[in-house]
Peer 1: 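Next up is a structure, given as structure tokens.
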Amino acid sequence: MQWKNWSGSVSATPQHIARPKTETELAALVAQARKVRVVGAGHSFMPLCETDGTLLSLSELEGGISFNADKSRVWAPAGWSLAKLTSVLWEEGTSLINQGDVNPQALAGAIGTGTHGTGASLGSLSTAARGFRLMMPDGAIVTCSESERPDLFQAARLSLGLVGVATQIEIDVLPAYHLEEKVETYPLEDVEARWDELAAKNRHVEFLCFRTASTSSSKR
Ligand SMILES: Cc1cc2nc3c(=O)[nH]c(=O)nc-3n(C[C@H](O)[C@H](O)[C@H](O)COP(=O)(O)OP(=O)(O)OC[C@H]3O[C@@H](n4cnc5c(N)ncnc54)[C@H](O)[C@@H]3O)c2cc1C
């Protein structure tokens, strides 16, 4: 069966594509496989998920969210899309601290590649990660955090899928908030001149540059 990433720039023919529903099923798949890669939404442009072995998707793995006492952190299924996660968090009166441009990415895929949004004082999704529940090649479960196996924790925060299969991730959240979006058009020179001011005044700011005959360079 052929697999392609979102853009079609990476393709592979895995021997087996599996969507385990339980950790027991997942453990059997991992233990039996010669080679394992895990895929989230396949949005990465680099060949991170390509394999001729077993390709795993955790999108159907059972599980739900679990908050800490003051609802500042939540354990969530690593295979959930950010769209699903933010919808469930919203129902509970909480929001992620930051996100990128789109939300189909799996929580584990976004964290594993350091997916970031904008915001001068806001970190990437990896910086909000507080703990991981990881399945090792023999099917054993290991947990890690800043205080428990700290080296593994730091590696898992930007793992590129190399330190085990994440089944659950603990992440910081905020009380639910709305953002107001303003879209305005300026000459590139004005954006460059006002960039520091715009970044200081707004929680988020980004720009897209559309080339015209008088524009000699393109930036994002
Ligand atoms: C339209 C579009 C817009 C984008 N916008 C932004 C943006 O605004 N900001 C930004 O920073 N990036 C952006 N990206 C990049 C995207 O966020 C990253 O490539 C991200 O990794 C995609 O998540 P994914 O779930 O598709 O991961 P995948 O590409 O499926 O996987 C990424 C990595 O995570 C690993 N992985 C996935 N699941 C698990 C798991 N359960 N356990 C262990 N490892 C796992 C994979 O093995 C792989 O190494 C964008 C991409 C696209 C296509």
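As the structure lists them, so they are numbered: ligands from 1, and atoms in each ligand from 1.
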Peer 1: Does any N or O atom in Trp6 lie less than 3.5 angstrom from one in ligand 1, N or O only?
Peer 2: no

Peer 1: Using a 3.5 Å cut-off on N or O atoms only, is Gly100 in polar contact with ligand 1?
Peer 2: no

Peer 1: Is the distance between the ring centroids of Phe207 and Trp195 less than 6.0 Å?
Peer 2: yes

Peer 1: Does ligand 1 have an atom that lies less than 4.0 angstrom from a heavy atom of Gly79?
Peer 2: no

Peer 1: Should the heavy atoms of other residues, nucleotides or ligands under 6.0 Å from CZ of Arg19 be counted, would the total exceed 12?
Peer 2: no

Peer 1: Suppose I only count heavy atoms of Val39 and a 4.0 Å limit; which atoms of ligand 1 are within that range?
Peer 2: 30 (O)

Peer 1: Does a donor on one side chain and an acceptor on the other come within less than 3.5 Å for Ser124 and His116?
Peer 2: no

Peer 1: Give the numbers and elements of all ligand 1 atoms closer than 4.0 Å to a heavy atom of Leu58.
Peer 2: 41 (N)

Peer 1: Is it the case that the side chains of Gln105 and Ser81 hold a donor-acceptor pair, with the cut-off being a distance below 3.5 Å and no angle test?
Peer 2: no

Peer 1: Measuring from non-hydrogen atoms of Gly40 to any atom of ligand 1, is the shortest distance under 4.0 Å?
Peer 2: yes

Peer 1: Write down the atom of Leu85, the atom of Trp80, and the distance for their closest heavy-atom approach.
Peer 2: CA-CE3, 4.0 Å

Peer 1: Is the closest heavy atom of Gly164 to ligand 1 under 4.0 Å?
Peer 2: yes

Peer 1: For atom 3 (C) of ligand 1, which candidate among Leu160, Val102, Leu134 holds the nearest heavy atom?
Peer 2: Val102

Peer 1: Quick one: sort the Phe132 and Phe153 rings into parallel, tilted or perpendicular, breaks at 30° and 60°.
Peer 2: tilted

